[in-house]
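Every number for a ligand or one of its atoms is a count from 1 in the order of the listing. Residue numbers run from 1 in the order of the sequence given.
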Amino acid sequence: MKIKRFRSLAFKLTVWYIVILGAILVLAGLFLHQGFKEGLMNDLDKALVEITDEAHEKWWRSRGVTWEEAIEKAETRYASYEPFIQVVEISEEETRHVENVIRSERIPEGAFLLDTHTYFRADRTDIDSFIFRTVEEEQLSSYPLRVFLFPVRGPLILQVGVSLEATVAALNNLLIIMILTGLIIMLLASVGGSFIINRALRPVKSVVKTAGEITAEDLSLRIDSKNRKDEIGALVETLNSMIARLEKSIKKIRQFSGDVSHELRTPLTIIRGEVEVLLRKDRPKEEYVKTLNSVLEESHRMENLIDDLLFLSRVEAMDRSKGTEIVNIDEVLNAVIKFRTPSASNKKISIDTKNIKPVQIKGNRELLERMTANILDNAIRYSNPGDHIEIDLEKKEKTARLQIRDTGIGIPEESIPLIFDRFYVVDLSRSKETGGAGLGLSIVKWIAEYHNAEITVDSHVGKGTTFTVNFPLD
Ligand code: ADP
């Protein structure tokens with residue numbers, strides 16, 4: 001699947017990363033700007049106090065110095081600040097108005113006068129306390145002025161102002177530097193971030209690519225985890241084990257359908273061959289009967305096989321939670337034995353049922369019938385005349401134990417682990433004769449698993465075979 005660039009995880013992560021970084025930068029910038037502004041204002045306020053001190057000291061310490069001279073001296077000393085200094089005299093009458101203003105030459109008449117209420121407040125403040133304010137005074141500066149009011153004595157208020165031009169310029173410079181730096185950081189961060197994110201997600205792309213190449217036809221491919229121990233490594237491992245499971249089951253399905261075709265083909269080939277030979281010329285009646293019997297036998301074999309296949313496909317889709325009931329397994333067993341006793345007697349095989357005790361288990365009656373029938377059929381099928389079969393059923397602690405023992409031909413040791421596999425037959429010649437396709441015990445095993453039962457086989461060639469099934473009782 002091709003992922004559109006702006007929908008990709010890398011793109012989304014990069015955008016998020018930039019947005020968060022941008023927000024952090026803006027916040028940091030705001031704090032920095034505010035701190036810098038406060039610092040500048042503090043410095044300016046300190047300078048205002050110094051200028052005021054200078055003018056004031058010059059006036060009262062040096063005898064005979066007028067306010068004009070004191071103001072001029074302070075102005076000259078702090079020329080770099082270009083301060084505006086004046087002394088405002090307020091009338092002592094009730095009306096309280098500005099009576100006289102002594103100003104430096106730089107201040108035009110009528111300019112730099114605050115309202116009388118402000119002077120009145122300054123006058124009333126303690127001698128040590130200051131009044132700072134920021135005012136607009138267009139006649140003096142196009143920028144706002146920072147003003148300091150200092151009540152000298154009763155009606156006299158010394159007033160010093162400095163334009164905020166330099167401060168505003170410094171703040172603007174800072175802002176420009178911050179914006180430029182911020183933009184450069186964001187640019188570098190977005191390039192770097194997208195590089196890192198793309199790099200981190202590169203393994204995902206390679207996983208997607210390899211996973212895309214894996215098809216039902218070629219499940220042997222595995223994704224290379226490059227020994228990663230991280231989330232990607234875990235994902236790759238999970239995918240690989242999933243593919244392995246799929247490969248195994250597809251292999252099984254292929255093998256199964258191959259086996260089925262083969263098993264169905266064999267009787268058909270036999271039928272066709274025998275009929276073709278028969279039809280080549282006229283034959284005596286007995287030969288027709290013989291061939292027809294053989295055809296009948298082969299069609300029986302096919303019928304049995306198809307019956308087993310249908311059974312398997314039906315039960316494998318069965319819902320385990322439904323179809324279970326309390327089953328008297330002894331009754332099921334006795335019914336199965338009763339049905340098979342004639343054929344056993346024909347083969348001169350005896351069946352001993354005296355050890356069958358009444359036992360109830362939770363299970364599926366139809367499946368249990370099939371299971372016991374398959375084991376018993378095998379016991380009869382693979383025994384010789386004169387052999388006998390013993391069937392036990394009893395409760396053993398928390399299990400119900402079913403045992404079917406025969407004194408028949410037995411199973412070679414190397415075949416025991418394989419007999420439950422589908423289509424496995426021990427010896428073709430003997431099965432051919434007796435007619436099994438190798439599905440009987442795989443059905444038995446499936447039914448045992450369905451009932452959470454454990455099935456074991458004990459067998460010795462020439463001595464006989466014992467099948468034991470332990471059903472859990474809960
Ligand atoms: P089949 O249809 O050939 O009997 P099964 O799946 O029932 O297939 O059994 C698999 C193989 O196990 C048989 O081919 C047979 O050789 C062997 N087997 C099963 N039960 C017995 C038994 N009681 N005695 C001897 N051999 C047995």
At under 4.0 Å between heavy atoms, what of V444 touches ligand 1? The answer is neither
Keeping S257 on the side-chain end and I253 on the backbone end, is there a donor-acceptor pair under 3.5 Å?
yes
Considering only heavy atoms, which of I419, N378, D377 lies nearest to atom 7 (O) of ligand 1?
N378
Hey, which atoms in ligand 1 end up nearer than 4.0 Å to a heavy atom of G438?
1 (P), 2 (O), 3 (O), 6 (O), 8 (O)
Flag the pair R222 and D224 as a salt bridge only when some basic side-chain nitrogen lies within less than 4.0 angstrom of an acidic carboxylate oxygen.
no
Which ligand 1 atoms does Y424 reach within 4.0 Å, using its non-hydrogen atoms?
10 (C), 11 (C)
With a cut-off of 4.0 Å, which atoms of ligand 1 are near a heavy atom of V425?
3 (O), 14 (O)
Please determine if S442 has a nitrogen or oxygen closer than 3.5 Å to a nitrogen or oxygen of ligand 1.
no
Would you say V426 and ligand 1 have an N/O pair spaced under 3.5 Å apart?
yes
Shortest non-hydrogen separation from H460 to D458 and the atoms involved:
NE2-OD1, 3.6 Å
Less than 4.0 Å is my threshold; does some heavy atom of G408 fall inside it relative to ligand 1?
no
F467 vs N374 side-chain heavy atoms within contact, under 4.5 Å:
no
Using modelled atom types only, decide if a donor and an acceptor are shared between the side chain of S141 and the backbone of Y143 within a distance under 3.5 Å.
yes
Answer yes or no: is there a side-chain heavy-atom contact under 4.5 Å between I409 and S383?
no
Main-chain N/O of V327 paired to K362 side chain as donor or acceptor, under 3.5 Å
no
Which ligand 1 atoms are under 4.0 Å away from a heavy-atom of R381?
1 (P), 2 (O), 4 (O)
Of all the atoms in ligand 1, which lie at a distance below 4.0 Å from a heavy atom belonging to I411?
18 (N), 25 (C), 26 (N), 27 (C)
State, to 0.1 Å, how close I416 and S459 come at their nearest heavy-atom pair, and which atoms those are.
CD1-O, 3.9 Å
Short N/O distance, under 3.5 Å, between L441 and ligand 1?
yes
Taking 4.0 angstrom as the limit and counting only heavy atoms of G440, give me the atoms of ligand 1 inside it, by number and element.
5 (P), 6 (O), 7 (O)
